[in-house]
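Numbers restart at 1 for each chain; the letters A, B, ... are given by sequence-line order, proteins then strands.
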Protein chains: 4
Amino acid sequence: MIRKEKILFAALKLFANEGYDATSTSKIAKAAQVSEGLIFRHFTNKKGLLEAILTESEKRVQQIFQPIINETDPKQVLRLTIEAPYQSKKKDFDFWRLVFKLKWDTNYNNPNKMNFVLEKLTESFQKLGYKNATNEAIMLIQVVEAISISIVRAEGLDVESFKQFLFEKYQV
Amino acid sequence: MIRKEKILFAALKLFANEGYDATSTSKIAKAAQVSEGLIFRHFTNKKGLLEAILTESEKRVQQIFQPIINETDPKQVLRLTIEAPYQSKKKDFDFWRLVFKLKWDTNYNNPNKMNFVLEKLTESFQKLGYKNATNEAIMLIQVVEAISISIVRAEGLDVESFKQFLFEKYQV
Amino acid sequence: MIRKEKILFAALKLFANEGYDATSTSKIAKAAQVSEGLIFRHFTNKKGLLEAILTESEKRVQQIFQPIINETDPKQVLRLTIEAPYQSKKKDFDFWRLVFKLKWDTNYNNPNKMNFVLEKLTESFQKLGYKNATNEAIMLIQVVEAISISIVRAEGLDVESFKQFLFEKYQV
Amino acid sequence: MIRKEKILFAALKLFANEGYDATSTSKIAKAAQVSEGLIFRHFTNKKGLLEAILTESEKRVQQIFQPIINETDPKQVLRLTIEAPYQSKKKDFDFWRLVFKLKWDTNYNNPNKMNFVLEKLTESFQKLGYKNATNEAIMLIQVVEAISISIVRAEGLDVESFKQFLFEKYQV
DNA sequence: TATGAATGAGTATTCATTCAT
DNA sequence: GATGAATGAATACTCATTCAT
């Protein structure tokens, strides 16, 4: 693996597990087995390193939700939304944990990131004849995000049973 | 206001807004207009200051959920649970934002804090004849927590309309 | 025991065992079970506390060596000098350890403290016909001081046998 | 001179003259004309700096006493022992003063450091027919150490005359 | 006499960052 | 591209000391 990537991976892991502020550049350098100076040559400063990691987040979110956006069958939209959190692989958990954690860091939180999914869901609930489509959409997103968090934090929730439960509830 | 309290309030505000790690004791001292040393006289160390703040969290959580625990009518249990987040006052938002934020700080997260509410909710859903009471309870808690977060972060969600939506949905 | 004395004893013990610089006034206050402020009311500052302890040292040295100064029989002078270190009681070891330790603290070292004993010894060696009385006196003082240190530091030297050895060597 | 060495020399001088506890890392940095941070880059912490200095002490002690250990003529062993303290150069006085001072710092005192010399001396006194060889050896070491201290502290003792006195006394 | 709250200067150590090589 | 020496500002925390009560 090229040195720049080694830094990126080490930083991701540390940021996700210990937090951005609690992770020193020296710790990152040690974990990546490179000199501390190299971090700054590649990413200008610590913030730049974080941003490099997060740029990818946009891509991954897009990638996961693209099939949902393209879907026309409303039932299928709900089903895909519910299934979304179950698709992320174990090796990506660090990444997602970091993304969720950063929601609480005002400097890095982009609250409208999921709006395009919200709109698609609202539209789908409308098509399915739900009375209050907007709030239904909000509620589903909240639940899906909560499961995502449960999954990447390995909190002990029986996620499989919960998925089936949601499928039945929304009849999808 | 006595100096010890001034420290407590200043720290709460800063921890909630900037994060525990990102808040230096010198910043706290300046905000509280006391000498930095006094923080350590009163709270031993930075962690001790945080813990002093969090000790109260247990009390407040208990206080908010006590009426729910005591309630026997299952419909009323759901209603009170949904209403809970709407009861916190603006001046407490800092406090709650800190509590939620710390869920992401492994050192301070107590994941079972809400179990007693979960049990009460499960029981209530059972009484009301819901098929999958456990998952229903989990889902409601997830949603209620999500609204709480929306409220204390002032995220622009129309919380009042959402409350009515939940009342109707659960017919309470 | 009166509070002032409690401070004196606690400070002596701590200074002797951990060193003057390494002993904080707060540690002393805790050990003496008094408020930290009281130390300063009684002794003005930390240095004053040390000086109060050391004032006594002059007295004790005087007390120990007075019989030697008064002695006229030169053999007896040597004998008493050799015996001197063996007279200090266990409860005084802290005190003497502190005195010896402070020889290495330039601020508190008084190198001429023992000159009056040196003169008496020189005179005695002269009377006994030793060729180089001054150096004999110096040597004996060095040895006696070394045993004193061994005793108060409990270094494992067989001090009793060494005393007999000196008695024989100097034929006293 | 390389920066690491500048730190080492400045620290040695300050530790020797003011004591380990009384010497702050900031004082050392100023004396060495380097940034305070560099001390920790090179020596991890203050204790590490002291230990780096002391590691050399072992070497120097070994170096000074090696000829004595190798010597077979018992008279020559005594002579070399007596001469040992006179060999250290003025520029090393700081170093030796620190070594002696640390004997009083429980954390750094190694009381058996000189045992190998003690054994050699005992053996020599035995060969020379002294009755109580062990105590003779102890006594000579005590005296030699006392002169060493006198020398490095420049206490005004006429060390040259004292050396001659010892040569005569032990007939070497 | 005695306390305990309070302080400001100081402590060892860590940090993100720079720079010559 | 990559290192490692170096820095200065910041960090959590301790210290001797003051002072109102």
Under 4.0 Å from any atom of DNA chain E, heavy atoms only: list the residues of residues 48-57 of chain D that qualify, in numerical order.
-> none
Counting distance only, does the side-chain N/O of D:Asn17 pair as donor-acceptor with the main-chain N or O of D:Lys13 below 3.5 Å?
-> yes
Which donor-acceptor pairs under 3.5 Å do the side chains of residues 38-46 of chain C make with protein atoms, sequence neighbours left out?
residue	atom	partner	partner atom	Å
C:Asn45	OD1	C:Lys47	N	3.4
C:Asn45	OD1	C:Gly48	N	2.8
C:Lys46	NZ	C:Tyr20	O	3.0
C:Lys46	NZ	C:Thr23	O	2.8

Taking only N and O in the side chain of D:His42, is any of them less than 4.0 Å away from OP1 or OP2 of F:dG4?
-> no
Sorted by chain and number, sequence neighbours left out, side chain to side chain donor-acceptor pair (under 3.5 Å) with C:Thr25 holds for C:Glu36
Minimum-distance nucleotide to A:Lys46 side chain [options: F:dA16, F:dT3, E:dA16] = E:dA16
When you compare the protein's N or O atoms with those of nucleotides 18-21 of chain E, which come within less than 3.5 Å of each other, and at what distance?
none

Rounded to whole Å, the CD-P distance (A:Glu18 to E:dC15) equals 11 Å
If you round to the nearest 0.5 Å, how far is CZ of C:Arg97 from CZ of C:Phe100?
-> 11.5 Å
Using atom NZ of D:Lys30 as one end and atom P of E:dG10 as the other, report the distance to the nearest whole Å.
-> 9 Å
Listed partners of D:Glu51 passing side chain to side chain donor-acceptor pair (under 3.5 Å), at least two apart = none
Could you pick out which residue, D:Gln33 or B:Ser26, lies toward the 5' side of DNA chain F when each is mapped onto its nearest nucleotide?
-> D:Gln33
How many angstroms lie between CG in B:Leu12 and CG in B:Asp92, if you round to the nearest 0.5 Å?
-> 9.0 Å
Taking atom C1' of E:dT1 as reference, at what distance in whole Å does atom NZ of C:Lys6 sit?
-> 14 Å
Separation of atom NZ in D:Lys27 from atom C1' in E:dA9, rounded to whole Å = 14 Å
note: D:Leu38, atom CG; F:dA9, atom C1'; distance rounded to Å ~ 16 Å
Cationic N near anionic O, under 4.0 Å, B:Glu145 to B:Lys103 = yes
Let me know the distance between CZ of C:Phe43 and P of F:dA16, rounded to the nearest Å.
-> 15 Å
Should we count CZ of C:Phe9 as having more than 12 external heavy atoms under 6.0 Å?
-> no
Side chain of A:Ser35: nearest nucleotide among E:dT3, F:dT3, E:dA6?
-> F:dT3
Judged by atom type as modelled, is there a donor-acceptor pair below 3.5 Å linking the side chain of C:Lys101 to the main-chain atoms of C:Ala16?
-> yes
Can you check whether B:Ser24 has a side-chain N or O nearer than 4.0 Å to OP1 or OP2 of F:dT11?
-> yes
Dot-bracket notation for DNA chain E is requested: 5' to 3', Watson-Crick or G-U wobble pairs only, both distances under 3.5 Å, with ( ), [ ], | and . as defined.
-> .||||||||||||||||||||
Where along residues 7-16 of chain A does a heavy atom come under 4.0 Å from DNA chain E, residue by residue in number order?
-> none
Taking only residues two or more places apart in sequence or in another chain, which ones pass salt bridge (charged side-chain N to carboxylate O under 4.0 Å, His left out) with C:Arg3?
-> none
side-chain contact (heavy atoms from CB on, under 4.5 Å) between D:Ser88 and D:Phe93, worked out = CA-CA 7 Å; D:Ser88 77; D:Phe93 284 7; 3.4 Å; yes
With sequence neighbours excluded, residues passing salt bridge (charged side-chain N to carboxylate O under 4.0 Å, His left out) with B:Glu56 | B:Arg60
Residue-phosphate contact under 4.0 Å: A:Thr25 side-chain N/O, E:dA16 OP1/OP2 | yes
Partners passing side chain to side chain donor-acceptor pair (under 3.5 Å) against B:Lys30 (at least two apart in sequence or in another chain) = none
Toward the 5' end of DNA chain E, by each residue's nearest nucleotide, C:Lys4 or A:Asp21 = C:Lys4
Taking CG from A:Asn45 and C1' from E:dC15, how many angstroms apart are they, rounded to a whole number?
-> 14 Å
Non-neighbouring partners of B:Asp21 that pass side chain to side chain donor-acceptor pair (under 3.5 Å), sequence neighbours left out | none
Can you name the residues that form a salt bridge (charged side-chain N to carboxylate O under 4.0 Å, His left out) with C:Glu5, not counting sequence neighbours?
-> none
Figure out the CD1/P separation between B:Ile39 and E:dA5, and round it to whole Å.
-> 16 Å
